[in-house]
Protein chains: 2
Amino acid sequence: MAGVAGDRRIVSEGAGEPGTLSEVAYQRLRTDIVSGVLGAGKPLRLEALKQRYGLSFSPLREALMRLQSERLVFSTALRGFSVAPLSREEMKDATETRILIESEALRRSMRDGDDDWEAGIVAAFHALSLQAERQLRLSGEVDAVDMHAMDERHYQFHRALIAHCRSPRLLDLADQLYVETQRYRLPCLVGPVAGTPARDVAAEHQQIMDAALRRSEDAVRYLAEHYRRTADIIEASTVWPSSA
Amino acid sequence: MAGVAGDRRIVSEGAGEPGTLSEVAYQRLRTDIVSGVLGAGKPLRLEALKQRYGLSFSPLREALMRLQSERLVFSTALRGFSVAPLSREEMKDATETRILIESEALRRSMRDGDDDWEAGIVAAFHALSLQAERQLRLSGEVDAVDMHAMDERHYQFHRALIAHCRSPRLLDLADQLYVETQRYRLPCLVGPVAGTPARDVAAEHQQIMDAALRRSEDAVRYLAEHYRRTADIIEASTVWPSSA
DNA sequence: CAATAGAAAATTTTCGAAAGAAATCGAATC
DNA sequence: GATTCGATTTCTTTCGAAAATTTTCTATTG
């Protein structure tokens, strides 16, 4: 019943979170940056954004400020904002930092994880498998919606692994690094890249899960390998700007 | 020559960085939160801040948004901002996360560090020692200026240790966690706390430095101990809100 | 022809007022 | 006496215009 035409509320009430236009701006900008709609390195002119999202300066600037803290947006003093550029170095740094954070979070989860933690992993793995299978059957015909669903399941699985680490900071950092690396991952999700060794991602996930459930340090190793493998494939199959 | 009366420029030009009022708001708010001038948990009323800093809503909100990403400020949708509360749990989480980040950064620095890296550490250690000695001579008479100088030297030393890690993310995170933990540290810097074992901080620093220079994994251990010891002292000597 | 200064345009940044939402208070009701 | 509803007040949030700054363009000079 919310969001009727002529609704002049700041945001629709039925929706889960938003609450403010600043939040809306943040969400939409982030989505558009991560998905590549707003190209890496491109300047973000306030007037253009105002047009594009139908918002005014204040909420946009607030959102950009936040995105700057999260390394998705770059800005210089009186020269405005731009989409943070992509580069090999940044991707490697993001990947290795993610491995550092998630390894620790996984270790702690394995140390203290209870039945609910285990159940969460199994459930997330199952949902991910179903989605992956569906995708495989429709191979070639993966639209943006499927891709997004897949990515969400993927996120949920990795999140479930570290969910019991009891550190709000590690979880936040993992989320942030997930988003950052997604920028590099998404362009590669369009399909298997020619010239790269066939990869059984499902098997990798299974391996990580099994090791995690038997509380084996192997889980940490497998997880790191999993992320590094992805990073290697991306590095090989991306056309990088200039020589960076 | 900059900053004459009647100057209507956004900021004085001679100064190093500021550039915008948003930046000024960020710096001043951060200082006042870390130093405790703005008490933990207290609501941050926009009107009051406007008064206090002589700025208007926009730059203040932008700064608050940024500080929120850095966990110094808390906010709920349409209910405004407040200073992030202090708690045992948060301090422990910040400390352990800092150890995780700086351990990795120190390892990498030790692996790849060159002559300049070593020289930087020695220089920072020396400057820190001089300041510490001076402080010791004036014992009892440490004013806010001295305390700030000491803290800056301390920061520089720990920064020098990890300076060569080659990861912008690790360095940023270390900086952020340094600021976060400073909130807990500063109230304790007023003087040695009664009932705690006498502590030779200078010796601890020396130990870390020596181990780092001979590229020994001991450095990582000593560093972690150094931080945990500080955290323990703070935990013991702080009056924590309610039971949290 | 390159280089430079100065004016015009484009853009970011800031402000103060207006709009919107939550908290407060008080009267009427059960 | 406690409670709910509604009006009032307080506060946050948003807007659009004004101020400040950078960038672009052009004419001028060496």
Side-chain angles (χ1 to χ4, degrees), chain A residues 2-29 38 41-69 73-84, chain B residues 2-29 38 41-69 73-84:
Chain A
V4 201
D7 194 337
R8 301 204 81 310
R9 270 191 231 88
I10 288 179
V11 285
S12 60
E13 53 180 25
E17 304 179 12
T20 74
L21 292 185
S22 194
E23 186 68 24
V24 172
Y26 169 78
Q27 302 270 3
R28 297 197 59 186
L29 274 167
L38 296 170
K42 291 262 175 60
L44 293 166
R45 294 275 149 56
L46 271 302
E47 191 56 50
L49 298 179
K50 193 177 154 181
Q51 198 80 14
R52 185 177 227 278
Y53 299 112
L55 303 167
S56 61
F57 299 116
S58 322
L60 284 171
R61 283 184 58 89
E62 286 170 20
L64 288 167
M65 228 63 191
R66 228 172 120 187
L67 289 164
Q68 189 186 13
S69 303
V73 156
F74 176 82
S75 95
T76 5
L78 293 157
R79 218 155 295 180
F81 303 86
S82 57
V83 181
Chain B
V4 201
D7 193 339
R8 308 227 32 347
R9 270 191 228 89
I10 287 179
V11 287
S12 61
E13 51 180 23
E17 304 179 11
T20 72
L21 292 184
S22 193
E23 185 69 22
V24 173
Y26 170 76
Q27 302 269 2
R28 298 197 59 187
L29 274 167
L38 296 169
K42 291 262 175 62
L44 293 166
R45 295 274 150 56
L46 271 300
E47 191 55 51
L49 298 178
K50 191 176 155 179
Q51 197 81 13
R52 183 177 229 277
Y53 300 112
L55 303 167
S56 60
F57 299 116
S58 323
L60 283 171
R61 283 184 58 89
E62 285 170 21
L64 288 167
M65 229 62 191
R66 230 173 117 186
L67 289 164
Q68 190 186 10
S69 303
V73 156
F74 175 82
S75 95
T76 2
L78 293 158
R79 218 154 296 179
F81 303 86
S82 58
V83 180

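Chain letters run A, B, ... following the sequence lines, proteins first, then strands; residues in each count from 1. Since the model is a prediction, treat every value here as computed from it, not as a measurement.
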**Student:** Starting at atom CD of A:E62, determine the distance to atom P of D:dT13, rounded to an integer number of angstrom.
**Tutor:** 8 Å

**Student:** Among the nucleotides D:dC15, D:dT13, D:dT12, which one has an atom lying closest to any side-chain atom of A:L21?
**Tutor:** D:dC15

**Student:** Go through D:dG16, C:dT14, C:dT13 for me and flag the one nearest to the A:S58 side chain.
**Tutor:** D:dG16

**Student:** Between B:R45 and A:S22, which is nearer to the 5' end of DNA chain D once each is assigned its nearest nucleotide?
**Tutor:** B:R45

**Student:** Report the distance from atom CG of B:L46 to atom P of C:dG16, rounded to the nearest whole Å.
**Tutor:** 14 Å

**Student:** Counting side-chain heavy atoms from C-beta on, which of C:dA17, D:dC15, D:dT23 comes nearest to A:R79?
**Tutor:** D:dT23

**Student:** In whole angstrom, what separates A:F57's CZ from D:dA20's C1'?
**Tutor:** 14 Å

**Student:** Could you state the CG-C1' distance from B:L78 to D:dC11, rounded to the nearest angstrom?
**Tutor:** 11 Å

**Student:** Quick one, B:L60 and B:L44 - any side-chain contact, counting heavy atoms below 4.5 Å?
**Tutor:** no

**Student:** From CD of A:E47 over to C1' of D:dT23, roughly how many Å is that when rounded to an integer?
**Tutor:** 17 Å

**Student:** Which whole-number value in Å describes the distance from A:L64 CG to C:dT11 C1'?
**Tutor:** 14 Å

**Student:** Regarding B:L44, tell me which of base, sugar-phosphate or nothing describes its non-hydrogen contacts under 4.0 Å with the strands shown.
**Tutor:** sugar-phosphate

**Student:** Once you round it to whole Å, what is the distance between P of C:dC15 and CZ of A:R61?
**Tutor:** 11 Å

**Student:** When you measure from the side chain of B:S56, which nucleotide among C:dC15, C:dA21, D:dT14 comes out closest?
**Tutor:** C:dC15

**Student:** What I'd like to find out is whether the side chain of B:R52 reaches to under 4.5 Å of the side chain of B:R45, using heavy atoms alone.
**Tutor:** no

**Student:** Starting at CG of B:L60 and ending at P of D:dT12, how long is that distance when rounded to a whole Å?
**Tutor:** 11 Å

**Student:** Does the pair B:F57 and B:E47 meet the rule for a side chain to side chain contact (heavy atoms under 4.5 Å, CB included), with working shown?
**Tutor:** CA-CA 8 Å; B:F57 299 116; B:E47 191 55 51; 4.1 Å; yes

**Student:** Check whether any side-chain heavy atom of B:L49 sits under 4.5 Å from a side-chain heavy atom of B:L55, and report yes or no.
**Tutor:** no

**Student:** Taking C-beta and beyond as the side chain, do B:S22 and A:M65 meet within less than 4.5 Å on heavy atoms?
**Tutor:** yes

